[in-house]
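Ligands are counted one by one from 1 in listed order, and the atoms in each one are counted from 1 as well.
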Amino acid sequence: MSKLLITETALRDGHQSLIATRMTTGEMLPILETMDGVGYYALEVWGGATFDACVRFLKEDPWERLRTIRKHVKNTKLQMLLRGQNLLGYRHYADDMVDEFVKKSIENGIDIIRIFDALNDTRNLRSAIEACKKYGGHAQGCVSYTLSPAHTNEMFIKLGKEIEAMGADSFCIKDMAGLCDPYNTYALVKDLKAALKIPVQLHTHATSGMGSMTYLKAAEAGVDIIDTAISPFGEGSSQPATEPIVYALRGTERDTGIDMEGLNKIADYFRPIREKYIASGLMDSKLLGVDINTLVYQVPGGMLSNLVSQLKQSNAMDKFEDVLREVPKVRQDLGYPPLVTPSSQMVGTQSVLNVMSGERYKVVPREVMQLVKGMYGRTTVPIDEDFARKILRKGERVTVRPADMLEPELEKSREQFADYIEQPEDVLTGAMFPEPAMEFFKYRKEQREHA
Ligand code: CO
């Protein structure tokens, strides 16, 4: 076995899981060159939430952030997370939009695109994988890990083979909730390594407290790459911290070769930033420790932090446990979707509504209806017909790949944002998050006029 490769996630999943994705480009900038020099395999820097938070809350251009990072990170690969046919948004986009988005992401500096589908419907990965290959990127196909009667190791291996056959350059098990346990993961990685020719990566979270044990067993089983976050933005609902794993493997056949002193510098840099967000209340103590609820209710860290903020806003934190208990029931009703964007939001919101309204499915958001209808693709376990009829009342369910029902839409989007476009990428920003993007474009225009 060769050295274990490390993808550092502080600049994407780390701050997404711990501070609702609010780290600014300014906070990243001073440490980028050090991060580039320690020997990481890749830096994960971009994804749906980072993009959304830039536009909506930070009033930053996410494309500019990417270009800035690329300028300072010359040697290490940059990775992004893409929601398959949903791109960075919450609905399915037409194939022309997928092609353009992937093209621009690679042009602006992305090397590796990790592509997943919330339902593990591989039909929803195909366009993005093909576009990534076409523009010279590394296409990493991904399965969203979850537990259910249908989600066995055999199922994940079957999906891995399908994804390899689609032309992916590597395969990733994306365990959003930290459900992977050490011994089952050991078996899963062994079987995946035997079944696949492409490299296997593991992404987990420390939420349940098992994360670093799971990584150690995965390393023993031969996993090629793991995702960790530098300690000030690691552990809790984030990834297991980078330093202990690098330290633990020193001198073994899986030695990562990463420079410990460099890691110390990176940790020293991020520590005051962590303190700042603890003081502001954004980094909530609920997200920092071991949360065994994630095993009991199978809720990922990001979703946990969203539920906390939704309930805080409605002064209903006393309902937290009730909502957590409702989540697995809603998940079963909806065909056991893995809890990842956008299905995690659907299941989360529906659970909150079921608890707060006092009657299950009295209120059903449009997105949940669309999921039941099949507009996001196939669920692993078919949704019960009677339940579907109750939710949909009337109307046919859909069985084709959802994007096959969409007309090309890039040109329409160009027209819609024509007055505000300052760079070709703005069309994509507008298409992903129409309202916040429009607000951002207007803000940007004003700033420029006042400058
Ligand atoms: Co994650």
Side-chain angles (χ1 to χ4, degrees), residues 6-23 40-53 78-84 86 88 112-120 140-147 151 156 170-181 185 200-212 214-215 218 223 225-242 245 283 287-288 290-291 293-295 297-308 337-345 347-348:
I6 302 282
T7 296
E8 168 65 51
T9 65
L11 305 182
R12 202 284 294 176
D13 209 353
H15 74 113
Q16 179 173 337
S17 298
L18 293 178
I19 58 165
T21 341
R22 296 300 204 279
M23 200 188 288
Y40 293 127
Y41 166 68
L43 300 180
E44 191 191 37
V45 298
W46 232 43
T50 39
F51 197 101
D52 189 353
L78 297 182
Q79 180 175 306
M80 73 172 293
L81 180 63
L82 191 79
R83 302 167 184 161
N86 290 6
L88 301 185
I112 303 169
I113 306 187
R114 175 177 292 170
I115 303 160
F116 75 96
D117 177 61
L119 302 183
N120 288 329
Q140 178 171 80
C142 192
V143 293
S144 309
Y145 187 81
T146 191
L147 297 172
H151 291 87
F156 290 117
S170 61
F171 175 69
C172 175
I173 294 277
K174 175 177 164 60
D175 175 24
M176 311 73 68
L179 300 175
C180 279
D181 66 63
T185 304
V200 174
Q201 184 154 3
L202 179 63
H203 172 92
T204 191
H205 285 251
T207 327
S208 70
M210 295 192 296
S212 52
T214 297
Y215 276 158
V223 76
I225 315 157
I226 59 169
D227 288 2
T228 62
I230 197 77
S231 55
F233 280 90
E235 302 296 332
S237 59
S238 176
Q239 270 69 62
T242 307
I245 286 160
M283 198 182 270
L287 305 172
L288 292 176
V290 169
D291 187 351
N293 279 333
T294 197
L295 291 179
Y297 304 109
Q298 301 172 7
V299 175
M303 181 173 166
L304 218 49
S305 79
N306 277 337
L307 287 177
V308 168
L339 294 178
V340 64
T341 303
S343 54
S344 55
Q345 283 80 355
V347 172

If you check every N/O/S atom of His203, which is the one nearest the Co ion (ligand 1)?
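This turns out to be NE2.
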Atom name, His205 (N, O or S, nearest to the Co ion (ligand 1)):
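Atom name returned: NE2.
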Any side-chain donor paired with an acceptor under 3.5 Å for [X] and [Y]?
X      : Y      : answer
Gln140 : Ser170 : yes
Thr242 : Thr228 : yes
Gln345 : Thr341 : yes

Between Phe156 and Tyr145, how do the two ring planes meet: parallel, tilted or perpendicular, split at 30° and 60°?
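Ring orientation, 0 to 90° scale: parallel.
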Within Asp13, is some N, O or S atom less than 2.8 Å away from the Co ion (ligand 1)?
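It does: Asp13 brings an N, O or S atom closer than 2.8 Å to the Co ion (ligand 1).
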